[in-house]
Amino acid sequence: MFGLNDERRCRTMEKISHACREWGFFQVINHGIESKLLTTALDISREFFSLPLEEKQKHANDPITYEGYGSRIGVQKGASPDWGDYYFHHFMPLSVRNESKWPSKPMSYRIHMKEYCNEVVGLCLKLLSVFSLNLGLHPDSLKEAFKGDKEIGMCIRINYYPACPEPDLTLGLSSHSDPGGLTLLLQENIPGLQVRKGNTWVSVKPIPNAFVVNLGDQMQILTNGIYKSVEHRAVVNQSRERISIAGFCNPCGERRVGPIEELINDLNPPLYKSMTFNEYRMFIRTSGTRGKSYLNSITTDKQSQTREV
């Protein structure tokens with residue numbers, strides 16, 4: 001994207017604009033992040049999940065910050081039948097980063113993951129500039145909408161999907177849209193991610209060293225429905241395990257998020273109520289994944305739900 005000649009840049013921006021408006025996701029290649037770092041991030045993540053259970057449980061999920069190791073496999077009767085483990089931790093803002101809540105094994109995890117996260121944040125900021133320009137806004141508009149005078153948010157969720165003996169009876173991760181702004185997903189060369197287009201689930205073919213870019217609910221709110229958050233899920237494999245790393249780029253938690261003023265007028269009134277990202281995220285955490293039901297519930301006009309793709 002950056003470094004392309006004018007003609008190629010224009011074509012690339014048009015493709016990104018179409019993907020954001022019609023699909024809510026795309027894959028980005030030639031992004032400038034070294035493939036060695038991507039491989040290392042996947043390798044150290046796999047090493048953690050290969051540890052004995054008692055070692056992983058030393059970093060059990062914190063019920064207050066939600067950071068740490070957790071499992072969705074058979075957690076309790078009546079729970080979602082998702083077939084997968086995960087590790088979640090914060091990276092930005094610095095005020096909430098606590099590396100003691102990151103895996104202590106493998107020993108190199110914290111060094112390499114910090115480098116990986118810095119690169120992902122940089123790529124997210126570049127993409128926000130592209131999105132802003134495609135919307136006819138100042139290149140810093142979405143970045144400022146995310147952070148104001150504070151830091152942008154970034155957190156990491158590593159997903160581990162073991163081989164499943166009966167993959168037709170469960171999912172690795174149930175259908176949902178991401179509550180935040182922008183997600184960069186790094187995955188292995190093993191299919192598993194599916195996105196929803198209308199009433200059809202479309203499998204996403206992995207591209208080596210590419211990032212899958214998912215637009216989240218906050219992006220749909222900020223753009224007043226011009227860009228769409230994507231509903232997606234993960235399916236499991238009968239014979240192969242799979243690792244993916246999701247980097248969530250989010251508005252500052254205290255930042256009040258609503259449609260950007262330049263994108264609303266008499267013909268395009270605001271479709272969504274404004275609220276802080278912390279308020280939105282807390283509802284999702286307490287109610288669980290339910291497709292895009294919560295986003296639809298905060299529309300200012302129920303008729304706008306018919307505009308969903």
Side-chain angles (χ1 to χ4, degrees), residues 20 24-25 61-67 70 80 86 88-93 95-97 121 124-125 127-128 131-132 135 141-157 173-185 195-196 213-233 246-261 263-264 269-302 304-305 307-309:
C20 290
F25 102 101
N61 187 264
D62 186 317
I64 297 177
T65 66
Y66 297 90
E67 292 180 277
S80 170
Y86 64 91
F88 174 84
H89 63 74
H90 292 289
F91 181 69
M92 291 180 66
S95 59
V96 300
R97 185 193 303 178
V121 169
C124 285
L125 294 177
L127 288 170
L128 288 178
F131 296 167
S132 295
L135 291 163
S141 289
L142 281 171
K143 183 174 67 174
E144 292 304 314
F146 269 48
K147 72 183 188 72
D149 59 353
K150 299 182 182 296
E151 291 181 284
I152 209 164
M154 171 61 70
C155 47
I156 291 291
R157 176 179 164 128
L173 190 60
S174 296
S175 169
H176 67 288
S177 59
D178 293 337
L182 178 66
T183 303
L184 264 60
L185 182 77
V195 298
R196 185 174 181 177
V213 180
N214 290 345
L215 303 190
D217 293 346
Q218 303 304 300
M219 187 66 70
Q220 182 162 333
I221 293 169
L222 284 165
T223 64
N224 204 37
I226 297 173
Y227 287 177
K228 305 294 190 296
S229 64
V230 62
E231 191 174 343
H232 54 285
R233 67 184 185 182
F248 301 106
C249 180
N250 300 323
C252 169
E254 298 82 26
R255 183 82 168 155
R256 199 161 191 85
V257 177
I260 294 174
E261 288 188 10
L263 300 178
I264 58 177
L271 300 180
Y272 303 99
K273 304 170 186 176
S274 63
M275 63 174 63
T276 68
F277 178 56
N278 279 343
E279 292 170 335
Y280 192 96
R281 177 167 49 186
M282 184 53 63
F283 181 89
I284 298 295
R285 284 174 171 173
T286 54
S287 63
T289 55
R290 299 178 182 177
K292 295 179 67 171
S293 60
Y294 187 55
L295 178 63
N296 290 336
S297 75
I298 64 166
T299 55
T300 56
D301 177 3
K302 295 302 179 182
S304 64
Q305 292 180 25
R307 294 175 57 175
E308 291 293 320
V309 176

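Atom set for the values below is all heavy atoms of this structure, side chains included, hydrogens, waters and symmetry mates excluded.
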Just so I know, are the side chains of [X] and [Y] near enough to count as touching, which here means a heavy-atom distance under 4.5 Å?
X	Y	value
Leu173	Tyr86	no
Val213	Leu184	yes
Phe88	Thr65	no
Phe25	Thr183	no
Leu142	Leu135	yes
His89	Ile156	yes
Cys124	Leu127	no
Lys143	Lys147	yes

Please give me the minimum heavy-atom distance between [X] and [Y], naming the atom from each residue.
X	Y	answer
Leu263	Leu222	CD1-O, 3.8 Å
Val230	Gly24	CG1-O, 3.4 Å
Pro259	Ile264	CB-CG2, 3.9 Å
Ser132	Ser141	OG-N, 3.9 Å
Ile152	Cys249	CD1-SG, 3.6 Å
Met92	Val121	SD-CG2, 3.8 Å

Separation of [Y] [atom2] from [X] [atom1] (nearest 0.5 Å):
X	Y	atom1	atom2	value
Tyr227	Gln220	OH	CD	12.5 Å
Ile221	Phe277	CD1	CZ	9.5 Å
Arg97	Glu151	CZ	CD	8.0 Å
His176	Asp217	NE2	CG	9.5 Å
Ser177	Gln218	OG	CD	10.0 Å
Phe131	Thr223	CZ	OG1	10.0 Å

Item to complete: List the steps and the verdict of side chain to side chain contact (heavy atoms under 4.5 Å, CB included) for Leu128 and Met219.
Response: CA-CA 10 Å; Leu128 288 178; Met219 187 66 70; 3.7 Å; yes
Would you mind telling me which of Glu231, His232, Arg233 makes a side-chain hydrogen bond (donor to acceptor under 3.5 Å, both in side chains) with Ser175?
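Only match with Ser175 under side-chain hydrogen bond (donor to acceptor under 3.5 Å, both in side chains): Glu231.
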(message) Go through it in stages, so that I can follow the logic: the residues are Leu215 and Lys228, the test is side chain to side chain contact (heavy atoms under 4.5 Å, CB included), and I'd like the CA-CA distance, side-chain angles, deciding distance and then a yes or no.
(response) CA-CA 7 Å; Leu215 303 190; Lys228 305 294 190 296; over 6 Å; no
### Task
Ignoring hydrogens and angles, tell me if any N or O in the side chain of Asn224 forms a donor-acceptor pair with the backbone of Leu271 under 3.5 Å.
yes
### Message
Looking at Arg255 and Ala145, would you say the former's side chain and the latter's main chain have a donor-acceptor pair under 3.5 Å?
### Response
yes
* To do: Just jot down the side chain to side chain donor-acceptor pair (under 3.5 Å) partners of Arg256, sequence neighbours excluded, or say none.
  =>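 Result, side chain to side chain donor-acceptor pair (under 3.5 Å) vs Arg256: Ser274.
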